[in-house]
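The structure appears below as structure tokens.
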Amino acid sequence: QVQLVESGGGLVQAGGSLRLSCTTSGRTSSSVTMGWFRQAPGKEREFVAASNYRGSSNYYADSVKGRFTISGDNAKNTVYLQMNSLKPEDTAIYYCAARSGLIVELSPNRYNYWGQGTQVTVSS
């Protein structure tokens with residue numbers, strides 16, 4: 001089993017920044033893809049960013065490209081999502097997810113493990 005714990009959410013004004021962290025524990029390996037997803041009230045969970053554990057392939061949703069950056073610290077078993085130039089439409093619960101294998105998938109259905117989520121609220 002793999003456990004994921006997110007942190008770093010909060011309330012920020014439009015144009016501000018936040019950094020989300022996702023710490024993994026349990027039976028992790030280097031052949032893992034990590035993803036960030038978000039879900040706003042009344043909407044489906046959507047892809048935000050993903051990276052294979054080795055960091056050789058990073059993908060971003062068009063809506064966050066150029067503003068968000070996914071990165072990892074293998075020594076700390078932690079994945080980060082740096083969010084800059086935040087907009088009110090970025091308001092959502094953000095989830096960290098993991099799947100076995102190095103192929104980056106964009107569908108949440110392809111991820112086996114999920115964190116509990118962290119709320120991000122961007123005020124206008």
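Predicted model, so just to flag it, every value in this text is computed and none were measured.
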Seminar exercise, completed: Minimal heavy-atom distance between Asn58 and Ser51, with the atoms involved, is OD1-OG, 2.6 Å

Exercise. How long is the span from the OG atom in Ser21 to the CG atom in Leu4, to the nearest 0.5 Å?
Worked result: 13.0 Å

Exercise. Can you tell me how far CZ of Arg38 sits from CD of Glu46, rounded to the nearest 0.5 angstrom?
Worked result: 4.5 Å

For this session: Over all heavy atoms of both residues, which pair between Asp90 and Ser85 is shortest? Give the atoms and the distance, please.
Result: OD2-O, 4.5 Å

Exercise. Cluster question for you: counting only ILVMFWY and a side-chain heavy-atom cut-off of under 4.5 Å, with indirect links fine, are Ile93 and Met83 together?
Worked result: no

For this session: Could you grab the distance from atom OH of Tyr113 to atom SG of Cys22, nearest 0.5 Å is fine?
Result: 13.5 Å

For this session: Would you please test Ser17 and Asn84 for side-chain hydrogen bond (donor to acceptor under 3.5 Å, both in side chains) and show each step?
Result: CA-CA 4 Å; Ser17 298; Asn84 299 328; 2.9 Å; yes

Seminar exercise, completed: Sorted by chain and residue number, the side chain to side chain donor-acceptor pair (under 3.5 Å) partners of Lys43 (sequence neighbours excluded) come out as none

Exercise. Mind checking whether Phe47 and Trp36 sit in one hydrophobic cluster, side chains of I, L, V, M, F, W, Y counted as touching below 4.5 Å?
Worked result: no

For this session: Would you kindly say whether Asn52 and Thr33 are connected by a side-chain donor-acceptor distance under 3.5 Å?
Result: no

Exercise. In Å, rounded to the nearest 0.5 Å, how long is the span from CD of Gln82 to CG of Leu20?
Worked result: 9.0 Å

Problem set entry | Single-linkage hydrophobic cluster, 4.5 Å side-chain cutoff, Leu18 and Val48 together | yes

For this session: Mind telling me whether Tyr94 and Phe68 have parallel, tilted or perpendicular rings, with 30° and 60° as the class edges?
Result: tilted

For this session: Return yes if a side-chain donor-acceptor contact under 3.5 Å exists between Thr78 and Asp73, otherwise no.
Result: no

Exercise. According to a 4.5 Å side-chain heavy-atom criterion applied to Ile, Leu, Val, Met, Phe, Trp and Tyr, with indirect links allowed, do Val32 and Tyr80 form part of one hydrophobic cluster?
Worked result: no

Seminar exercise, completed: The reported gap from OG in Ser100 to CZ in Arg110 (rounded to nearest 0.5 angstrom) is 11.5 Å

For this session: For Tyr111 and Arg99, test the side chains for any donor-to-acceptor distance below 3.5 angstrom and give the result as yes or no.
Result: no

Seminar exercise, completed: Note: Gln116 and Val5 closest approach over all heavy atoms is OE1-CA, 3.8 Å

Seminar exercise, completed: What one should report as the nearest heavy-atom pair of Pro108 and Trp114 is O-CZ2, 3.4 Å

Problem set entry | Under-4.0 Å salt bridge between Lys65 and Asp62 | yes

Exercise. For the residue pair Glu6 and Thr118, what are the closest heavy atoms and their distance?
Worked result: CB-CG2, 4.1 Å

Seminar exercise, completed: What one should report as the nearest heavy-atom pair of Tyr95 and Gly115 is CD2-O, 3.7 Å

Problem set entry | Ring-face cation contact, Phe37 with Arg45, 6.0 Å cut, 45° max | no

Problem set entry | Distance (rounded to the nearest 0.5 Å) between Met34 CE and Thr24 OG1 | 5.5 Å

Exercise. Heavy atoms, side chains only, cut-off 4.5 Å: are Thr69 and Leu81 in contact?
Worked result: no

For this session: May I ask you to check whether over 12 heavy atoms, not counting those of Tyr59, lie within 6.0 Å of atom OH?
Result: no

